[in-house]
Amino acid sequence: MSYLLRTLTKKQEVDSIIRDTIDKVLVLRFGRASDSVCLQLDDILSKSSREVSKFATVALVDIDSEDVQVYVKYFDITLIPSTIFFFNAHHMKMDSGSSDHTKWVGAFHRKQDFVDVVEAIFRGAMKGKLIVSCPLPPERIPKFQLLYRDV
């Protein structure tokens, strides 16, 4: 399903979409088109992109591209898929009960979960917030363990 959504492979493309998306939530999925969990998330993103089109833009970022490694390192993308949210070029964070508020790691369980998260981020951003609470119940939030290198 990744062919239905815009795929970014260059740093300039990522820079311009972050800078040029105004008054909408920008959803960037970092991952690989060959990964099964990424494909599951891509299916959910492509099915719901029309529903959220009034207040969100969805794009995919190929982490295997050499040109976007600066973003992979900056956002510490070690687990894929990782979804990062922006609003008016500001990085939006979400408190989902995990220790990492900067990104959503893993796939959403269903389409409505994604729509609810994007809507919560949009409403919070319109109120001037940079971090919002996750609207999903804890059982529908993917769990992962953070491992710190060189600590």
Side-chain angles (χ1 to χ4, degrees), residues 1-2 4-31 37-63 65 67-148:
M1 287 296 173
S2 59
L4 295 175
L5 297 168
R6 181 174 173 192
T7 302
L8 310 172
T9 57
K10 296 188 179 349
K11 181 185 180 301
Q12 293 81 8
E13 293 174 335
V14 178
D15 289 342
S16 69
I17 198 168
I18 290 172
R19 188 180 54 247
D20 298 341
T21 305
I22 304 297
D23 291 335
K24 281 186 169 186
V25 174
L26 173 62
V27 180
L28 291 180
R29 191 277 288 151
F30 286 79
V37 182
C38 288
L39 289 175
Q40 176 189 357
L41 179 58
D42 291 350
D43 183 47
I44 290 170
L45 295 177
S46 63
K47 286 180 179 176
S48 54
S49 64
R50 185 159 186 218
E51 283 182 44
V52 298
S53 64
K54 296 235 188 256
F55 56 91
T57 302
V58 180
L60 312 177
V61 180
D62 181 18
I63 65 165
S65 174
D67 214 20
V68 297
Q69 291 304 309
V70 65
Y71 283 112
V72 172
K73 288 183 180 122
Y74 181 77
F75 290 116
D76 191 28
I77 310 248
T78 52
L79 300 172
I80 59 169
S82 290
T83 308
I84 299 177
F85 304 95
F86 291 90
F87 185 81
N88 289 346
H90 286 55
H91 181 203
M92 295 296 297
K93 297 168 186 68
M94 183 173 49
D95 182 6
S96 59
S98 70
S99 54
D100 188 3
H101 301 318
T102 60
K103 59 188 169 283
W104 180 273
V105 177
F108 293 92
H109 289 278
R110 48 187 161 204
K111 185 173 95 167
Q112 191 58 46
D113 291 348
F114 172 70
V115 173
D116 291 345
V117 165
V118 173
E119 187 176 352
I121 289 173
F122 178 74
R123 288 175 188 229
M126 291 303 284
K127 294 177 183 174
K129 296 181 180 180
L130 292 177
I131 186 165
V132 297
S133 296
C134 182
L136 303 180
E139 62 270 7
R140 291 209 309 263
I141 298 172
K143 303 287 185 252
F144 61 93
Q145 196 71 25
L146 284 180
L147 300 173
Y148 295 100

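Everything numeric in this text was worked out from a predicted model, so none of it was measured. We number each residue from 1, following the sequence as shown.
In this structure, K103 contributes its side chain and I77 its backbone to no donor-acceptor pair below 3.5 Å. K54 contributes no side-chain N or O that, together with a main-chain N or O of K24, makes up a donor-acceptor pair within less than 3.5 Å. Of the possible polar contacts, none joining the H90 side chain to the L130 backbone as a donor-acceptor pair under 3.5 Å is found. Listed for the D67 side chain is a donor-acceptor partner under 3.5 Å among the backbone atoms of K11. A donor-acceptor pair under 3.5 Å is formed between the side chain of Q69 and the backbone N or O of I63. Without hydrogens or angle criteria, D116 side chain to P135 main chain gives no donor-acceptor distance under 3.5 Å.
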> Between I17 and L26, does a side chain to side chain contact (heavy atoms under 4.5 Å, CB included) hold up when you go through it step by step?
Replying inline: CA-CA 8 Å; I17 198 168; L26 173 62; 4.0 Å; yes
>> Walk me through whether F114 and L136 qualify under side chain to side chain contact (heavy atoms under 4.5 Å, CB included).
In response: CA-CA 9 Å; F114 172 70; L136 303 180; over 6 Å; no
>> Determine whether V61 and V14 satisfy the following criterion, side chain to side chain contact (heavy atoms under 4.5 Å, CB included), listing intermediate values before the conclusion.
In response: CA-CA 8 Å; V61 180; V14 178; 4.3 Å; yes
>> If you apply the rule side chain to side chain contact (heavy atoms under 4.5 Å, CB included), what do you find for F108 with L41, and how did you get there?
In response: CA-CA 7 Å; F108 293 92; L41 179 58; 3.5 Å; yes
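In this structure, S46 OG and R29 CZ are separated by 10.5 Å, a value rounded to the nearest 0.5 Å. For the atom pair OG (S133) and NE2 (H101), the distance works out to 9.5 Å, reported to the nearest 0.5 Å. To the nearest 0.5 angstrom, F30 atom CZ is 13.0 Å from T78 atom OG1. Atoms CZ and OG1, from R6 and T57 in turn, are 9.5 Å apart once rounded to the nearest 0.5 Å.
Looking at residues two or more places apart in sequence or on another chain, you find no ring pair (Phe, Tyr, Trp, His ring centres under 6.0 Å) involving F85. With sequence neighbours excluded, the residues that form a side-chain hydrogen bond (donor to acceptor under 3.5 Å, both in side chains) with K111 are E51. Remark: H109 pairs with no residue by the ring pair (Phe, Tyr, Trp, His ring centres under 6.0 Å) rule, at least two apart or across chains. When the salt bridge (charged side-chain N to carboxylate O under 4.0 Å, His left out) test is applied to K129, no partner is found at least two apart in sequence or on another chain. Under the salt bridge (charged side-chain N to carboxylate O under 4.0 Å, His left out) criterion, D62 pairs with no residue at all, not counting sequence neighbours. Take Y71 and apply the ring pair (Phe, Tyr, Trp, His ring centres under 6.0 Å) test, not counting sequence neighbours, and it matches no residue.
You'll find the side chain of V132 stays beyond 4.5 Å of the side chain of D95, heavy atoms only. Within the 4.5 Å cutoff, the side chain of V68 has no heavy atoms near those of the L8 side chain. Side-chain contact between M94 and I131: absent, with no pair of heavy atoms (C-beta onward) separated by less than 4.5 Å. Using a 4.5 Å heavy-atom cutoff, the side chains of I22 and N88 are in contact. Residues V117 and D113 fail the side-chain proximity criterion, which asks for heavy atoms closer than 4.5 Å.
For D43 and K47, the salt-bridge test passes: some basic side-chain N is under 4.0 Å from an acidic carboxylate O.
The heavy-atom pair separating R110 from I44 by the smallest distance is O-CG2, 4.1 Å. Between C38 and P81, the shortest heavy-atom distance links the atoms SG-CB, 3.7 Å. For the pair E119 and R123, the tightest heavy-atom approach, listed with the atom from each and the gap, is OE2-NH2, 2.6 Å. The two residues L79 and S82 have their closest heavy-atom pair at O-OG, 2.6 Å. Scanning all heavy atoms of the two residues, the minimum distance from A125 to M92 falls at CB-CE, 3.8 Å.
Checked against W104 for a side chain to side chain contact (heavy atoms under 4.5 Å, CB included), the options V27, I84, I141 give a single hit: I141. Results of the side chain to side chain contact (heavy atoms under 4.5 Å, CB included) test with L60 over T83, L28, L45 single out L45 as the only residue that passes.
In this pair, F122 and F55 present their aromatic rings tilted. The plane angle is within the 30 to 60° band.
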